[in-house]
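Working notes for the structure below.
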Amino acid sequence: MDIAGEYRIPAAREAVWAALNDPAVLARCIPGCKELEQVSPEEMKAKVSLKIGPVSATFAGTVRLEDVRPPEGYTLTGQGNGGMAGFAKGRAAVSLAEEGAETVLTYTAKAEIGGKIATLGGRLMQSTSRKLADEFFGKFAAEFGAAGAETGPVPDDATKAMI
């Protein structure tokens, strides 16, 4: 499953970069985040509770920062295990570009799921992934006092075909 998005944040790129690397900010923005602990400059451990369709689970996992290019962006790789509910793993490339007094944050992500949650169907998983991304970036933009700063996710070809 692939998703992508672009968000305008009314803050300098350096401030957005600092927030993207602050575990306290991330914990406030990640939907369902119960714990987020930085274990090294490149790795964090997390516990996140989510409800996807009829399945509720708490996922425990790790996130690693790779290809770090301050303040331009990085690649996140992560994996989480939700016990009987299944697992999720993925990779996201995040880029920051200055545009006047704003920062344009773009991302492309690829996710893989397995177990019980994988039986829910592609459309439900795709729409849930987009909803969670919108919720995260909406909260993230609000950290900078922005209301409605995001332009939202950019539909991929499969989503365009459904519209």
Side-chain angles (χ1 to χ4, degrees), residues 1-7 9 13 15-53 55-97 103-143 150 152-156 158-159:
M1 162 179 28
D2 297 332
I3 61 172
E6 180 178 285
Y7 297 84
I9 300 171
R13 182 167 69 168
V16 174
W17 175 259
L20 278 175
N21 288 280
D22 183 338
V25 171
L26 296 175
R28 288 191 300 269
C29 298
I30 296 169
C33 184
K34 301 298 180 200
E35 295 177 25
L36 186 65
E37 174 189 354
Q38 189 155 13
V39 290
S40 78
E42 301 86 28
E43 188 171 349
M44 291 178 251
K45 291 190 320 187
K47 279 194 181 170
V48 177
S49 292
L50 295 173
K51 180 170 175 33
I52 303 169
V55 178
S56 293
T58 298
F59 291 84
T62 58
V63 174
R64 286 198 56 77
L65 305 179
E66 300 174 351
D67 188 27
V68 178
R69 303 168 322 280
E72 297 171 7
Y74 51 50
T75 300
L76 298 164
T77 59
Q79 59 79 31
N81 190 329
M84 296 293 290
F87 72 89
K89 58 183 175 178
R91 177 177 204 83
V94 178
S95 297
L96 302 175
T103 298
V104 178
L105 182 153
T106 57
Y107 74 91
T108 57
K110 183 180 273 312
E112 180 184 331
I113 56 171
K116 190 174 182 181
I117 57 173
T119 65
L120 296 175
R123 281 190 172 181
L124 177 60
M125 292 307 303
Q126 190 84 9
S127 66
T128 299
S129 296
R130 289 188 189 288
K131 179 181 166 271
L132 293 171
D134 277 343
E135 189 175 335
F136 171 82
F137 287 110
K139 287 179 179 179
F140 187 78
E143 289 282 322
E150 71 273 5
V154 177
D156 59 19
T159 305

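Values below: all heavy atoms of this structure, side chains included; hydrogens, waters and symmetry mates excluded. Residue numbers run from 1 in the order of the sequence given.
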Would you say [X] and [Y] make side-chain contact, with heavy atoms under 4.5 Å?
{"X": "Thr108", "Y": "Asp2", "value": "no"}
{"X": "Leu120", "Y": "Thr128", "value": "no"}
{"X": "Asn21", "Y": "Leu65", "value": "yes"}
{"X": "Val16", "Y": "Tyr7", "value": "no"}
{"X": "Phe87", "Y": "Ile117", "value": "no"}

Nearest heavy-atom pair of [X] and [Y]: which atoms, and what distance?
{"X": "Ala46", "Y": "Leu36", "value": "CB-CD1, 3.7 Å"}
{"X": "Ser49", "Y": "Thr58", "value": "OG-OG1, 2.9 Å"}
{"X": "Pro31", "Y": "Val48", "value": "O-CG1, 3.2 Å"}
{"X": "Gly86", "Y": "Phe59", "value": "O-CE2, 3.8 Å"}
{"X": "Ala4", "Y": "Arg130", "value": "O-NH1, 4.1 Å"}
{"X": "Arg13", "Y": "Glu72", "value": "NH1-CG, 3.7 Å"}

Within this structure, what is the [atom1]-[atom2] distance for the pair [X] and [Y], rounded to the nearest 0.5 Å?
{"X": "Asp67", "Y": "Thr77", "atom1": "CG", "atom2": "OG1", "value": "11.0 Å"}
{"X": "Glu135", "Y": "Ile30", "atom1": "CD", "atom2": "CD1", "value": "11.0 Å"}
{"X": "Arg69", "Y": "Leu96", "atom1": "CZ", "atom2": "CG", "value": "9.0 Å"}
{"X": "Asp134", "Y": "Ile3", "atom1": "CG", "atom2": "CD1", "value": "8.5 Å"}
{"X": "Glu37", "Y": "Thr62", "atom1": "CD", "atom2": "OG1", "value": "12.0 Å"}
{"X": "Cys33", "Y": "Lys47", "atom1": "SG", "atom2": "NZ", "value": "11.5 Å"}

Sidechain-backbone polar pair: Glu35 side chain, Ala27 backbone, donor-acceptor under 3.5 Å: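 Such a contact is absent between Glu35 side chain and Ala27 backbone.
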
Residues which pass ring-ring contact (aromatic ring centres under 6.0 Å, His included) with Tyr74, listed by chain and number, not counting sequence neighbours: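 For Tyr74 the ring-ring contact (aromatic ring centres under 6.0 Å, His included) partners, ignoring immediate neighbours, are Trp17.
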
Neighbour count >12 (heavy atoms, 6.0 Å) for atom NZ, Lys139: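 Yes.
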
Aromatic ring pairing Phe140/Phe137, orientation class (parallel under 30°, perpendicular over 60°, tilted between):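 Taking Phe137 first and then Phe140, their aromatic rings stand perpendicular (interplane angle over 60°).
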
